[in-house]
Amino acid sequence: RNSLIALAPHILIVYTGMLFQSMSYGMLTSLLTYYVANICKPEEEIMGQTLISIMTCGVGATIGNLFGGILQDTLGIEAMLLFVVISTLIGTIIMVFVGYKNIAKI
């Protein structure tokens, strides 16, 4: 979805990417809730949810917006969008690697 939005040649492609954004955010929210419920004791679930929200929506968004703005101001919008695509690719590779490693443990 990030690559689709960042590399969009036309506004309809941006809208398609935003549609994927809404669907993936819904999945992320439910999966994080499920994850916290599995790793936390019942009396600590609220704290777990709070910490996940702070890290993903608070700290992560702040750092991303700060560095994205600096990158855009210094190198331009094309460099910032290229960085988004590369970061998304690296994140995907890490998730696939970790997923395969966890599946091998089962």
Side-chain angles (χ1 to χ4, degrees):
R1 68 182 161 86
N2 286 345
S3 299
L4 196 61
I5 294 168
L7 301 174
H10 190 270
I11 192 69
L12 290 176
I13 305 299
V14 173
Y15 290 150
T16 304
M18 295 306 278
L19 178 66
F20 287 134
Q21 165 72 16
S22 65
M23 289 186 287
S24 65
Y25 188 75
M27 279 195 296
L28 174 68
T29 303
S30 61
L31 288 172
L32 287 175
T33 303
Y34 180 77
Y35 175 73
V36 168
N38 279 332
I39 65 165
C40 291
K41 298 175 187 172
E43 61 272 9
E44 296 176 346
E45 283 185 35
I46 293 174
M47 181 59 74
Q49 292 293 345
T50 302
L51 291 174
I52 292 258
S53 295
I54 289 170
M55 294 309 292
T56 57
C57 299
V59 176
T62 301
I63 291 170
N65 286 327
L66 175 67
F67 288 116
I70 292 170
L71 191 60
Q72 182 179 346
D73 286 345
T74 56
L75 300 175
I77 189 77
E78 290 84 10
M80 185 198 68
L81 293 174
L82 180 62
F83 179 74
V84 167
V85 171
I86 292 169
S87 298
T88 300
L89 182 61
I90 291 170
T92 302
I93 291 168
I94 291 170
M95 285 180 54
V96 167
F97 178 73
V98 169
Y100 281 132
K101 203 168 185 180
N102 286 335
I103 287 174
K105 288 181 182 179
I106 297 174

Could you state the interatomic distance from [atom1] ([X]) to [atom2] ([Y]), rounded to the nearest 0.5 Å?
| X | Y | atom1 | atom2 | result |
| --- | --- | --- | --- | --- |
| L4 | L19 | CG | CG | 10.0 Å |
| I52 | M47 | CD1 | CE | 13.0 Å |
| M18 | I13 | CE | CD1 | 14.0 Å |
| L32 | M27 | CG | CE | 12.0 Å |
| C40 | L51 | SG | CG | 8.5 Å |

Does one hydrophobic cluster hold both [X] and [Y], with members joined at side-chain heavy-atom distances below 4.5 Å?
| X | Y | result |
| --- | --- | --- |
| L66 | I54 | yes |
| V98 | M95 | no |
| L31 | Y35 | no |

Pairs of donor and acceptor atoms involving the side chains of residues 68-78, under 3.5 Å and at least two apart or interchain, shall be tabulated with distances.
residue, atom, partner, partner atom, Å
T74, OG1, I70, O, 2.9
T74, OG1, L71, O, 3.4

S87 side chain reached by F83 side chain, heavy atoms, under 4.5 Å: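 Answer yes - side chains close enough.
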Using side-chain heavy atoms (C-beta onward) and a distance below 4.5 Å, is Y34 in contact with N38?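 Touching, per the 4.5 Å side-chain cut-off.
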Which of these, T88, T92, I86, sits in a side chain to side chain contact (heavy atoms under 4.5 Å, CB included) with I90?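 When side chain to side chain contact (heavy atoms under 4.5 Å, CB included) is applied between I90 and each of T88, T92, I86, only I86 qualifies.
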Flag yes if more than 12 heavy atoms outside L89 fall under 6.0 Å of its CG atom; otherwise flag no.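 For L89, atom CG is crowded (more than 12 foreign heavy atoms under 6.0 Å).
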